[in-house]
Number of protein chains: 4
Amino acid sequence: MSSKYTALKQECYEANMQLNALNLVVYTFGNVSAVDRENGVFAIKPSGVPYEDLKPEDIVIVDFNNNIIEGTKRPSSDTKTHAYLYKNWLNIGGIAHTHATYSVAWAQSQRDIPIFGTTHADHLTVDVPCAAPMSDILIEGNYEHNTGIQILNCFKEKNLLYEEVEMILIGNHGPFTWGSTAAKAVYNSKVLEVVAEMAFLTLSINPNAPRLKDSLIKKHFERKHGKDSYYGQ
Amino acid sequence: MSSKYTALKQECYEANMQLNALNLVVYTFGNVSAVDRENGVFAIKPSGVPYEDLKPEDIVIVDFNNNIIEGTKRPSSDTKTHAYLYKNWLNIGGIAHTHATYSVAWAQSQRDIPIFGTTHADHLTVDVPCAAPMSDILIEGNYEHNTGIQILNCFKEKNLLYEEVEMILIGNHGPFTWGSTAAKAVYNSKVLEVVAEMAFLTLSINPNAPRLKDSLIKKHFERKHGKDSYYGQ
Amino acid sequence: MSSKYTALKQECYEANMQLNALNLVVYTFGNVSAVDRENGVFAIKPSGVPYEDLKPEDIVIVDFNNNIIEGTKRPSSDTKTHAYLYKNWLNIGGIAHTHATYSVAWAQSQRDIPIFGTTHADHLTVDVPCAAPMSDILIEGNYEHNTGIQILNCFKEKNLLYEEVEMILIGNHGPFTWGSTAAKAVYNSKVLEVVAEMAFLTLSINPNAPRLKDSLIKKHFERKHGKDSYYGQ
Amino acid sequence: MSSKYTALKQECYEANMQLNALNLVVYTFGNVSAVDRENGVFAIKPSGVPYEDLKPEDIVIVDFNNNIIEGTKRPSSDTKTHAYLYKNWLNIGGIAHTHATYSVAWAQSQRDIPIFGTTHADHLTVDVPCAAPMSDILIEGNYEHNTGIQILNCFKEKNLLYEEVEMILIGNHGPFTWGSTAAKAVYNSKVLEVVAEMAFLTLSINPNAPRLKDSLIKKHFERKHGKDSYYGQ
């Protein structure tokens with residue numbers, strides 16, 4: 001069946017399958033979306049469909065007010081969080097949510113992941129933020145929409161920019177990551193999981209391990225992202 | 001060879017093979033059964049047969065008093081525990097038992113698994129119960145039958161309903177899980193193993209990690225299981 | 001090339017390859033042997049040959065005084081330990097040695113692995129013994145031969161029978177396991193690794209986790225190994 | 001396209017792919033080089049190219065002053081560190097750098113890896129050295145070149161010989177390893193990762209685990225590397 005969103009669905013489908021291939025999800029725990037800014041919609045995984053059964057045509061097209069534009073399946077139960085982020089953060093192209101083991105463990109610990117080394121600094125210059133659990137009133141209300149608000153509040157409080165810090169932990173829940181494309185959002189989910197495992201091990205070996213020096217944070221981030229970056233092709 | 005239990009054996013066989021595919025067992029450690037309520041029997045893995053050798057026709061059909069109804073092999077040594085549960089819990093369709101690593105570690109620790117996050121709350125609203133080791137007299141008696149009694153006693157003491165809490169740890173031994181089908185019982189074994197690993201890591205990172213707030217427990221469980229649930233298709 | 005030891009070499013080869021398939025070794029770290037009591041010889045892996053290159057005809061045939069009887073390759077550097085055990089323990093048919101991660105970690109910790117649960121009790125009724133490092137004089141002498149002496153001394157001191165306890169950790173080094181066949185020795189290496197991982201996790205979750213009750217130790221071992229055993233076919 | 005460096009590129013390509021096959025890298029985190037002493041050049045992985053896309057002709061040829069001799073891609077951002085080591089250590093043939101999990105965790109802990117057992121002693125007779133983070137002035141300067149200086153300074157301070165100790169951790173960053181060939185450098189990266197995991201587990205089980213006795217260190221190293229070595233073919 002032809003559709004103006006065929007390419008968008010395919011991008012979204014491939015990013016979701018990548019989540020599975022990278023061992024970031026079991027069963028149906030997790031979802032990725034990809035945005036089409038021109039048409040003001042995004043493509044997202046249908047709710048509760050196992051990755052081995054997922055097909056590109058199952059992907060649901062939703063607008064930023066959570067209306068289903070195309071698709072016969074119910075979209076991910078986290079759809080409103082994605083919509084809220086797309087609406088507010090105009091420069092992101094994709095969002096990923098997982099229940100990856102080490103990322104969730106830090107979220108359950110309600111602790112920011114300290115920046116312990118260059119693997120972390122290659123991707124962001126601050127601790128990975130962990131948003132506090134939201135108030136009972138917000139939980140009982142429009143929960144997934146409020147999760148979006150919670151993310152933006154955390155970035156405001158900690159004075160972070162979403163273009164520079166492409167990941168967050170929701171306390172007691174798990175990670176959300178984003179990026180210029182759905183594939184980049186998935187990449188950030190994997191990086192976060194690797195960094196989370198390394199930080200867990202670091203603390204186990206040396207509970208007093210120091211944070212990375214500012215000079216090294218700056219150096220490594222600029223190697224990859226600064227105006228004189230010299231990493232990559 | 002045709003039998004009125006061919007479909008039941010096939011369901012049981014596939015669920016046992018799934019246990020293996022999900023890395024929940026090594027060698028012959030573990031077993032799954034599937035019930036046929038109409039005929040008052042269940043299908044169960046034969047004892048000590050490696051998964052790579054297992055065939056659908058090896059599955060044994062047993063009634064709720066542990067009599068072999070069909071099959072040439074000896075049924076799992078845990079058969080009496082399965083029979084006791086089927087006899088007492090009329091709404092379950094399948095049971096799984098594993099020696100999965102993280103689940104066993106919690107059982108050996110003789111501790112309930114605290115509900116630390118939403119991955120847990122998506123499946124049950126309480127800590128995963130760990131039954132205390134049984135008394136010496138019960139161990140020396142009809143051990144596997146008494147394991148069934150131990151499970152029911154634990155649920156009575158903790159005031160739990162088997163329809164809502166589909167898993168338990170037997171202290172010093174390992175997990176039993178159940179569900180509406182054998183496949184659902186295996187699903188619950190995998191979920192338990194994931195939750196057990198996350199809880200181990202959470203405690204390692206933050207020994208004072210708090211339990212999940214009641215409002216979040218309620219929200220996540222009802223997203224998936226409440227009367228207004230909106231997860232899945 | 002035909003040989004009276006073709007079948008013995010094949011058994012030894014397959015057991016060594018199984019060590020690799022079970023993720024118990026990397027590179028050339030580990031070796032398995034299989035005995036032929038009638039001819040007073042055993043087959044053992046050649047030293048330093050990677051598993052992906054190993055062929056049945058590479059296996060070396062050695063007698064109990066460490067003379068090469070057949071084969072063009074140098075036998076495993078641990079050959080004298082194997083020879084000493086075969087000479088002294090008349091009822092074993094195979095021996096395995098690995099550097100599997102969790103088993104080595106306990107050996108490096110110089111601690112017996114406490115019997116914490118039924119996975120352990122299904123295989124042995126005591127803590128997995130860890131032999132103390134040998135004296136400097138024995139190390140500087142006939143090291144691998146003395147490792148055999150060290151194993152027998154540890155069993156004598158702890159009053160253990162090799163027919164009942166088919167595994168040991170050598171302090172600071174790693175595990176040796178044995179059994180009625182080479183395949184059974186490899187099975188015991190895998191069981192030891194699983195038990196070692198579970199015990200590590202148990203202690204992490206609950207540093208005061210109690211040992212398994214005597215009644216449960218007895219029950220589980222006898223289910224599998226007692227005169228009225230009812231496990232397996 | 002024919003080149004005098006075709007064989008060198010192939011060696012470098014295969015060693016890089018091996019890094020990936022041994023689970024020592026994710027994405028583009030890591031690089032291996034291989035030297036051609038006669039022509040005073042080395043082959044190195046191009047920067048930021050995923051392993052699944054890497055082809056032998058992508059490998060870049062660089063001289064010891066960091067000039068690109070052949071190749072259309074930008075070489076690894078760590079090229080200057082490789083160049084510095086080749087220039088100063090005349091007997092090495094290959095260098096590997098990874099962000100392998102356990103190795104990085106020790107580097108982030110800023111601790112040498114204690115020699116706890118024979119798996120370690122089979123490869124080196126001392127703790128795996130961890131170089132302190134470099135001064136801010138050196139970081140802001142010619143960073144990758146200065147990483148090479150940092151490595152040599154650490155070896156001088158600790159009185160180590162690069163022919164005997166073929167690995168180092170850079171504090172807060174990760175491991176560099178080397179050897180007579182690129183394949184040997186990769187082998188050492190894998191050994192280091194195994195040793196790092198075992199040491200982490202050893203400390204978790206027994207925080208007071210003693211270092212290996214001198215007599216055992218000597219014995220195991222000489223079995224493999226001494227003049228009367230008897231390991232291997």
Side-chain angles (χ1 to χ4, degrees), chain C residues 25-30 46-50 53 58 60 72-80 98-111 113-114 130 132-144 146-147 169-174 196-197 199-204 207, chain D residues 18 21-24 100-102 113-123 127 179 183-184 186-226 228-233:
Chain C
V25 288
V26 291
Y27 293 119
T28 63
F29 309 180
S47 183
V49 175
D53 300 338
D58 294 334
V60 189
T72 56
K73 296 206 182 290
R74 198 193 288 197
S76 163
S77 59
D78 294 307
T79 296
K80 288 180 184 173
T98 81
H99 285 236
T101 310
Y102 292 92
S103 305
V104 166
W106 280 93
Q108 293 189 158
S109 303
Q110 301 190 9
R111 292 188 54 181
I113 304 179
C130 181
M134 60 176 106
S135 71
D136 289 357
I137 287 180
L138 292 179
I139 290 168
E140 282 152 26
N142 196 347
Y143 176 63
E144 290 79 10
N146 293 342
T147 298
L169 300 171
I170 308 294
N172 291 126
H173 186 159
E197 182 177 2
F200 154 71
L201 291 168
T202 301
L203 278 185
S204 298
Chain D
Q18 197 60 19
L22 290 165
N23 291 316
L24 294 171
T101 310
Y102 292 92
I113 304 180
I115 180 166
F116 280 136
T118 60
T119 317
H120 187 137
D122 282 340
H123 298 93
D127 296 351
K184 186 71 195 306
V186 170
Y187 171 89
N188 283 328
S189 286
K190 181 69 180 182
V191 165
L192 171 51
E193 182 68 0
V194 168
V195 163
E197 182 176 2
M198 287 172 173
F200 154 71
L201 291 168
T202 300
L203 277 186
S204 297
I205 295 170
N206 182 359
N208 301 312
R211 288 177 83 253
L212 191 61
K213 297 168 38 146
D214 284 344
S215 53
L216 264 173
I217 293 173
K218 190 162 166 259
K219 183 68 191 182
H220 265 265
F221 195 75
E222 292 190 346
R223 288 213 312 177
K224 271 203 165 171
H225 308 279
D228 301 320
S229 74
Y230 49 95
Y231 186 90
Q233 298 300 322

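First the proteins, then the strands, lettered A, B, ... as listed; each starts at 1.
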inquiry  = Using the rule given for side-chain contact (heavy atoms from CB on, under 4.5 Å), can you reason through D/Asn206 versus C/Gln110, listing the C-alpha separation, both sets of side-chain angles and the distance that settles it, and then say yes or no?
reply    = CA-CA 8 Å; D/Asn206 182 359; C/Gln110 301 190 9; 5.5 Å; no

Using non-hydrogen atoms and a 4.5 Å limit, figure out which bit of [X] sits close to chain D: side chain, backbone, both or neither.
X	value
C/Ser135	backbone
C/Ser204	neither
C/Arg111	side chain

query = For the candidates C/Leu203, C/Ile170, C/Asp78, which exhibits the highest count of non-hydrogen atom pairs separated by less than 4.5 Å from chain D?
reply =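 Option with the greatest count: C/Asp78.
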
inquiry  = I'd like to know whether D/Arg211 forms a side-chain contact (heavy atoms from CB on, under 4.5 Å) with D/Asp127, so could you lay out the CA-CA distance, the side-chain angles of the two residues, the decisive distance to 0.1 Å, and finally the verdict.
reply    = CA-CA 9 Å; D/Arg211 288 177 83 253; D/Asp127 296 351; 3.0 Å; yes

ask   = Of all of D/Leu212, D/Leu216, D/Asp214, D/Val191, which one pairs up most often with chain C through heavy atoms under 4.5 Å apart?
value = D/Leu216

D/Phe200 and C/Phe200 aromatic ring geometry - parallel, tilted or perpendicular at 30°/60° bounds = perpendicular

query = What part of D/Asp122 is in contact with chain C, defined as an atom under 4.5 angstrom from a non-hydrogen atom: side chain, backbone, both or neither?
reply =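 The side chain, not the backbone.
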
request  = Using non-hydrogen atoms and a 4.5 Å limit, figure out which bit of D/His220 sits close to chain C: side chain, backbone, both or neither.
outcome  = side chain

remark   = The side chain to side chain donor-acceptor pair (under 3.5 Å) partners of C/Glu144 (sequence neighbours excluded) come to D/Arg223, D/Tyr230

inquiry  = Please enumerate all residues that pass side chain to side chain donor-acceptor pair (under 3.5 Å) together with C/His173, with sequence neighbours excluded.
reply    = C/His97

task = Kindly state whether the ring of C/Tyr27 and the ring of C/His99 have centres lying under 6.0 angstrom apart.
result =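 No, the ring of C/Tyr27 stays outside the 6.0 Å limit from the ring of C/His99, centre to centre.
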
